[in-house]
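Reviewing the structure listed below.
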Amino acid sequence: MRATVMHAAGDVRIEDVPDPTLIEPTDAILRVTRACICGSDLWPYASMQPSETGQSMGHEAIGIVEDIGPDVRRLKRGDLVVMPFAISDGTCEFCHEGLNTECVHVAFFGNNGMNGAQAEALRIPRADGTLYALPVGEDHALLPSLLTLADVLGTGHHAAVTAKIAPGKSAAVVGDGAVGLCGVIAAKRLGAEQIIILGRHPDRIALAREFGATDVVPERGEEAVERVLELTGGFGAESVLECVGLGSSTQTAISIARPGGAVGRVGVPQDEAMPASQAAFYKNLTIGGGPAPVRAYIDELLPDILERRIEPGRVFDRTVNLDGVPDGYRAMTERESIKVMVRP
Ligand SMILES: [Zn+2]
């Protein structure tokens, strides 16, 4: 079968690789019908050291269960499922708490040698806990929105939850990528009254406004901070969603948070140390977030998609086949595309 393999920064190839097979009795084989390229895939695309074997890429998918091991109980061949980006067993104490990304068996697709979803098929460990069966057919019109349940919608929602958004509150979203845009959807969904997005790309800003952003701040750094303070009565936003992961964006997030407020971080941190520690301390901020337990959020978010109250699939502005994946990485890196959908 064919799969996407990254060999070094800027070097993404489509290669023939062995078909996935069942290894453990709790495995399933997923035939991928929709996958996508993630903003977090762009970090290794910018910086990966050359690797002999390469890294199989992709951690978001919808697909058909093609085969199951003898211990898989909740899924059957032919099921249409969404594949969240993390493996979880669904049975440990963290999974029971709704924190599947801290599962005692957690691993991340398309990372550290795990197989990836920008491929025709892949092996799914602990399939019962990991996969989520969808109540629609494989050509359903809402598939793009359902695909966002694998990562970006759940991740934007996690930023909103950990930033403690509640009805009537003010929110600021740092980052206008697919996660930031889904953060706007989540902030509105949870009742934020004012939603400020920090971003400057016209296509993304237009979508943010349609998703519910009330204010746009195109400035960066200190100017952005001043602008957000002006928009929030001088004190800052009660809830800040950090959807980038750079030191500079984290600094901005902390600087625009209202004293006593909360920052929800879902951008993968690119630095070991967190900036603005003293500012966060003296403002009594709560800093939360981490890899989003998107598997646990599907029950809550799925009805809003099926009943068309939200349309997160609009973040996809380009669709490619596997051969188009390398150019998809380029297009997202150059901000020519917000998010690329892959139909293997
Ligand atoms: Zn678990």
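Given the structure is predicted, the values throughout are model-derived calculations rather than measurements. Every number for a ligand or one of its atoms is a count from 1 in the order of the listing.
Put simply, C92 gets within reach of the Zn ion (ligand 1), with an N, O or S atom under 2.8 Å from it. Taking 2.8 Å as the criterion, C103 counts as a coordinating residue of the Zn ion (ligand 1), since one of its N, O or S atoms falls below it. The Zn ion (ligand 1) has no N, O or S atom of E93 under 2.8 Å away, backbone or side chain.
A salt bridge does not link D215 to R227: none of the charged nitrogens lies less than 4.0 Å from a carboxylate oxygen. Using a cutoff of 4.0 Å between basic side-chain nitrogens and carboxylate oxygens, R73 and D128 are not scored as salt-bridged. Comment: E336 engages R318 in a salt bridge, judged by a side-chain N to carboxylate O separation of less than 4.0 angstrom.
Residue-level check: among N/O/S atoms of D89, OD1 sits closest to the Zn ion (ligand 1).
Partner of V152 under the side-chain contact (heavy atoms from CB on, under 4.5 Å) criterion, chosen from C182, C36, S40: C182.
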